[in-house]
Each structure stands twice: as structure tokens, then as C-alpha cells.
Amino acid sequence: EPSSQARLRARVASHIAQLQSTFHESESLEAVADRMAMSPRSLTHHFRALTGQSRASYLRGLRIRHSQELLLDPARSVVGVAFACGYEELSSFLRAFRKE
């Protein structure tokens with residue numbers, strides 16, 4: 001039987017896979033950890049062990065890569081792309097875009 005650490009890591013791996021299609025949704029680290037029945041610290045530890053980065057950095061990367069694809073369409077506005085990628089404010093999107 002897998003250890004409790006292995007089970008936690010498997011749950012986090014499942015969450016990481018799910019983020020590929022839900023990255024635009026806004027859910028706090030605490031809410032995710034609560035839903036997964038683990039502490040935020042444990043989630044952060046296993047997330048970093050599996051991806052090499054924090055959940056926030058990983059999400060930002062997913063969102064920015066998606067925004068780059070959407071911005072290739074000249075019919076899309078920057079504001080529309082920001083909202084489609086999960087940003088609630090244009091300034092947050094622009095700051096994340098520059099950071100990436």
C-alpha cells in the first residue's frame with residue numbers, strides 16, 4: 001500500500017494535470033488544499049517537488065502561454081484575452097506578462 005506521502009503526491013499530480021484545462025479559474029491555494037484534504041504547506045511542498053516551481057508561478061506560466069496564443073488573433077482585445085486567461089484586472093495581466 002502506498003505511503004500517505006505517496007498518496008498526497010498523487011493527489012497533487014492529479015491537480016497539476018487538471019490545471020491544464022482549469023488555469024483560468026480563480027481558486028486560492030487554501031481552497032485547493034482544503035478541497036484536497038491537505039494543508040496549504042503540504043500542497044506547496046508536493047507541488048514544488050513535482051514541478052520545480054510554486055503553484056502561482058506554474059499558473060502564471062500556463063496563463064501567459066495561453067494568452068500568447070490568443071493574442072495572435074487580431075480580432076481579440078488585450079482586455080478580453082486577460083479575462084479569458086483568468087486575470088480579473090488588466091494591470092495584473094500586464095504585470096504577469098512582463099514578468100514571464
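The residues of the chain are indexed from 1 along the displayed sequence.
- Note that SG of C85 and CZ of F93 are 6.0 Å apart. Values are rounded to the nearest 0.5 Å.
- Among R65, R63, R95, R60, the one residue that satisfies the side chain to side chain donor-acceptor pair (under 3.5 Å) test with E100 is R60.
- Between the side chain of R55 and the main chain of F47, no donor-acceptor pair closer than 3.5 Å is present.
- For the side chain to side chain donor-acceptor pair (under 3.5 Å) with H46, the qualifying choice from R41, Q5, H15 is Q5, the only one to do so.
- Between atom OH of residue Y58 and atom CG of residue L50 there is a gap of 10.0 Å, rounded to the nearest 0.5 Å.
- Considering all non-hydrogen atoms of both residues, S54 and R48 come closest at CB-NH2, 3.5 Å.
- Taking hydrophobic clusters as Ile, Leu, Val, Met, Phe, Trp and Tyr residues chained together by side-chain heavy-atom distances below 4.5 Å, F23 does not share a cluster with V81.
- No chain of hydrophobic side-chain contacts below 4.5 Å, direct or via other Ile, Leu, Val, Met, Phe, Trp or Tyr residues, connects Y87 to L29.
- Atoms OG1 and CD, on T22 and E27 in that order, are 8.0 Å from each other to the nearest 0.5 Å.
- The side chain to side chain contact (heavy atoms under 4.5 Å, CB included) with H66 is formed by just one residue from the set I64, L62, L70; it is L70.
- Residues M36 and L59 share a single hydrophobic cluster, defined by chaining ILVMFWY side chains whose heavy atoms lie under 4.5 Å apart.
- With contacts defined as side-chain heavy-atom distances shorter than 4.5 Å, the pair L71/F97 qualifies.
- Taken from CE in M38 to CZ in R9, the straight-line distance is 9.5 Å, to the nearest 0.5 Å.
- Counting only distance, with no hydrogens or angles, the side chain of T44 and the backbone of P40 share a donor-acceptor pair below 3.5 Å.
- Within 6.0 Å of the CD atom in E88, the count of heavy atoms belonging to other residues, nucleotides or ligands does not exceed 12.
- In this structure, S57 OG and K99 NZ are separated by 6.5 Å, a value rounded to the nearest 0.5 Å.
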